[in-house]
J.: 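Got a structure for you, questions after.
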Amino acid sequence: MRDFYDVLGISRTANNTEIRSAFKRLAKAYHPDRNPGNKDAEEKFKDINEAYHTLANPVKKAQYDLRYFGLTLTYDEDHWREVQKKRRYYQWQHRPQQEYRFDRNYFKIQGLAFLVFLIIAGFCFSVIHTAHYYVRKQQLEKIRVNTQMLDQVNSLFNSGRFNDAFTLIKNLEKEDPLEYRFGFARDSLIAALRKQADHKFELREFESAVAHYKILQQYEHHVRFETLENMYLCQYYMGNYEESLQALKHLHNQEPYNLGLIYQIGMINLEKLDNPEEALVYFTLGKKLFKENLGQVYGAAFQIVMNPSDAPDIYYQIFIARARTNVRLERYRDAITDCNWAIFLRREMAEPYYYRALAGIGKRELINVCDDLAKAERDFKDVAELKRRHCN
């Protein structure tokens, strides 16, 4: 019996690549087309062909090895893994093809499967429908309870118990933040309370208006400027100057560059609370803003460039108020400077000449006092007495 490994000139552990390479090399050498009439070459080619087709097939190769060499041969692990892999592939290629037959049994199985599907689908639908029913029922109950609570809130508000109404709606929002009606109700209550407060203010019922505005101040997300301004006016008209000043300072925190607020805070301190020191702080802030604002518009030399009549009246009012405060605090030099600024802004007004005259008298520098008193005589009754004492 021929040894196919010797025929191909390879070792018994050769892999497929080595088997194929040996076959191609020997086939080229012994092919009948290259050896016409050579019987030995033809027989040799037949042996090479048979050896290749046996060893290239893993199943035939395994059978050949067992038959020819017996069970004593051993191969490495990679070789047997390759053999098993090719054997499985060969078996897969030659597996019997299954044919599906559409007989009664086939339709019976399909019908049973469809019936099972319908049963499962029906069960799932019933579970979902039941769950949806109970969820919807809970939602309707929740809506009913929330509606009752909103009615209670409105009842408290309409009876004048504003704090109780706002406290209740705040707690309801905290318990159920997804209920949009609570937020809408809170905003509606704030709007209604603001309307009532404004109505009381228009009727000049200041005490009642202040009570409304104080509650409104607690529950507005951001306290409106108009709320604080009306609170200030109510307190001012009632003579509660400390409270009105607190409202003004709150407004000033919101709008620190509002010269009107700065002037009002200073005047309440000066005229109503007898606190010229704090008044001077705010008037000085107004003077600083005056220079900053006009410097940004006209440049550093704004005194030369600008037309004084174009300046807002609030600048003139701040300088006159600051001059009054400095005269009261006996800071006469600063008072004269403030009067000069006021005269620069409104030359036709009598007040700056009057207070400049008072500052000059206070400093005992009477050079220009008589001229200033003459210009202020039309508006101040005590000018005649001052002229009699200091100008004769």
Side-chain angles (χ1 to χ4, degrees), residues 131-265 267-269 272-273:
H132 183 268
Y133 169 77
Y134 282 108
V135 170
R136 182 58 180 168
K137 187 176 180 181
Q138 290 178 351
Q139 289 177 343
L140 293 175
E141 177 64 17
K142 187 176 181 181
I143 291 173
R144 186 187 67 79
V145 172
N146 289 344
T147 302
Q148 290 180 347
M149 298 306 296
L150 288 173
D151 292 339
Q152 185 177 350
V153 169
N154 290 328
S155 177
L156 290 171
F157 185 85
N158 293 331
S159 63
R161 298 170 59 184
F162 304 125
N163 279 317
D164 293 338
F166 280 108
T167 301
L168 179 56
I169 197 67
K170 184 178 180 180
N171 292 333
L172 291 174
E173 282 189 288
K174 187 181 297 184
E175 293 174 1
D176 189 3
L178 298 180
E179 174 59 87
Y180 73 94
R181 292 187 298 168
F182 292 156
F184 179 77
R186 174 179 47 76
D187 294 340
S188 299
L189 293 181
I190 290 175
L193 183 61
R194 184 184 300 119
K195 185 176 180 180
Q196 291 186 25
D198 292 342
H199 182 65
K200 297 289 184 181
F201 179 78
E202 292 172 0
L203 295 176
R204 303 184 69 82
E205 297 177 7
F206 300 123
E207 187 172 355
S208 178
V210 165
H212 284 67
Y213 284 127
K214 285 184 176 180
I215 298 173
L216 191 62
Q217 185 178 2
Q218 296 178 32
Y219 298 105
E220 282 183 325
H221 285 307
H222 300 285
V223 183
R224 297 169 69 245
F225 186 91
E226 293 79 3
T227 300
L228 293 172
E229 186 177 35
N230 288 348
M231 283 184 63
Y232 143 68
L233 291 173
C234 290
Q235 298 285 12
Y236 186 87
Y237 292 143
M238 290 190 299
N240 301 327
Y241 302 117
E242 288 284 356
E243 290 79 2
S244 66
L245 188 62
Q246 293 304 317
L248 278 175
K249 288 181 177 180
H250 198 159
L251 285 170
H252 176 61
N253 290 334
Q254 290 187 5
E255 298 186 7
Y257 300 103
N258 190 323
L259 288 170
L261 294 176
I262 293 172
Y263 175 75
Q264 290 169 343
I265 293 173
M267 291 304 294
I268 289 177
N269 276 296
K272 304 299 182 182
L273 298 178

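Keep in mind the model is a prediction, meaning the values are calculated, not measured.
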J.: Which residues satisfy the side-chain contact (heavy atoms from CB on, under 4.5 Å) test with E141, sequence neighbours excluded?
T.: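 E141 satisfies side-chain contact (heavy atoms from CB on, under 4.5 Å) with R144, V145 once adjacent residues are dropped.
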
J.: Is there any ring pair (Phe, Tyr, Trp, His ring centres under 6.0 Å) pair reaching into residues 132-158, and which pairs are they, with sequence neighbours excluded?
T.: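 Every pair satisfying ring pair (Phe, Tyr, Trp, His ring centres under 6.0 Å) with a residue in residues 132-158: F157-F162.
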
J.: Not counting sequence neighbours, which residues clear side-chain contact (heavy atoms from CB on, under 4.5 Å) with R224? List them please.
T.: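 Partners of R224 by the side-chain contact (heavy atoms from CB on, under 4.5 Å) criterion, ordered by chain and then number, come out as R194, E220, E226, T227.
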
J.: Measure the CD-NZ distance between Q217 and K214 for me, rounded to the nearest 0.5 Å.
T.: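 So the CD of Q217 and the NZ of K214 are separated by 9.0 Å.
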
J.: If you measure from CG on N230 to NE2 on H212, what distance do you get to the nearest 0.5 Å?
T.: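 So the CG of N230 and the NE2 of H212 are separated by 13.0 Å.
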
J.: Sort and list the pairs that fulfil salt bridge (charged side-chain N to carboxylate O under 4.0 Å, His left out) and have at least one residue in residues 153-170, not counting sequence neighbours.
T.: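 Qualifying pairs, neighbours excluded: R161-D164.
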
J.: Please check this pair: side chain of H250 against backbone of Q246, looking for a donor-acceptor N/O pair closer than 3.5 Å.
T.: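 No; zero donor-acceptor contacts below 3.5 Å.
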
J.: As a quick check of understanding, evaluate side-chain contact (heavy atoms from CB on, under 4.5 Å) for V210 and M238, giving each step before the final call.
T.: CA-CA 10 Å; V210 165; M238 290 190 299; 3.7 Å; yes

J.: Taking only residues two or more places apart in sequence or in another chain, which ones pass ring-ring contact (aromatic ring centres under 6.0 Å, His included) with Y241?
T.: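 ring-ring contact (aromatic ring centres under 6.0 Å, His included) list for Y241, sorted by chain: Y236.
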
J.: If I take atom CG from residue N146 and atom CG from residue D151, how far apart are they, to the nearest 0.5 angstrom?
T.: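 Those atoms lie 11.0 Å apart.
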
J.: Please report the shortest heavy-atom distance between A209 and F201, naming the atom on each side.
T.: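 Looking at all heavy atoms of both residues, the closest pair is CB-N, 3.8 Å.
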
J.: Once side-chain contact (heavy atoms from CB on, under 4.5 Å) is applied, do any residues pair with L203, and if so which ones, sequence neighbours excluded?
T.: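 side-chain contact (heavy atoms from CB on, under 4.5 Å) check on L203 returns H199, E205.
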
J.: Of all residues at least two apart in sequence or in a different chain, which pass the ring-ring contact (aromatic ring centres under 6.0 Å, His included) check with F184?
T.: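 F184 satisfies ring-ring contact (aromatic ring centres under 6.0 Å, His included) with no other residue.
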
J.: Can you find a heavy atom in the side chain of Q139 that is under 4.5 Å from one in the side chain of K142?
T.: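 No. Closest side-chain heavy atoms not under 4.5 Å.
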
J.: Contact between E179 and L172 at the side-chain level, heavy atoms closer than 4.5 Å - yes or no?
T.: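 No, side chains not in contact.
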
J.: For residues 238-252, pull every pair meeting salt bridge (charged side-chain N to carboxylate O under 4.0 Å, His left out), keeping only residues two or more places apart or in separate chains.
T.: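 Listed once each, the pairs are K249-E278.
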
J.: If I compare all heavy atoms of I262 with all of P256, which pair ends up nearest, and what's the gap?
T.: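 That would be CD1-O, 3.9 Å.
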
J.: Please identify each residue that fulfils side chain to side chain donor-acceptor pair (under 3.5 Å) with R186, with sequence neighbours left out.
T.: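 Side chain to side chain donor-acceptor pair (under 3.5 Å) check on R186 returns E173, H221.
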
J.: Applying side chain to side chain donor-acceptor pair (under 3.5 Å), can you list everything that pairs with T167, at least two apart in sequence or on another chain?
T.: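 For T167, no residue satisfies side chain to side chain donor-acceptor pair (under 3.5 Å) once neighbours in sequence are set aside.
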
J.: How long is the gap from OG on S159 to CG on N154, to the nearest 0.5 Å?
T.: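 Going from the OG atom of S159 to the CG atom of N154 covers 10.5 Å.
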
J.: Let me confirm one number: the CD1-CZ distance from I169 to R181, rounded to the nearest 0.5 Å.
T.: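 Here the interatomic distance stands at 10.0 Å.
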
J.: According to ring-ring contact (aromatic ring centres under 6.0 Å, His included), who are the partners of F166, at least two apart in sequence or on a separate chain?
T.: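 Partners of F166 by the ring-ring contact (aromatic ring centres under 6.0 Å, His included) criterion, ordered by chain and then number, come out as Y219.
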
J.: Are L228 and Q254 packed together at the side-chain level, in the sense that at least one heavy-atom pair is separated by less than 4.5 angstrom?
T.: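 Yes; the side chains approach each other to less than 4.5 Å.
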
J.: Are L251 and Q264 packed together at the side-chain level, in the sense that at least one heavy-atom pair is separated by less than 4.5 angstrom?
T.: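 Not touching, per the 4.5 Å side-chain cut-off.
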
J.: Does a side-chain heavy-atom distance below 4.5 Å link L261 with Y232?
T.: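 When only atoms from C-beta onward are counted, Y232 and L261 do not touch, as no gap falls below 4.5 Å.
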
J.: What residues, two or more places apart in sequence or in another chain, satisfy side chain to side chain donor-acceptor pair (under 3.5 Å) together with E255?
T.: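 If we apply the side chain to side chain donor-acceptor pair (under 3.5 Å) test to E255, skipping adjacent residues, the hits are N258.
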
J.: How long is the span from the OH atom in Y213 to the NZ atom in K200, to the nearest 0.5 Å?
T.: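 With rounding to 0.5 Å, OH (Y213) is 11.5 Å from NZ (K200).
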
J.: Any heavy-atom pair between the side chains of F182 and L150 that's under 4.5 Å?
T.: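 In contact.
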
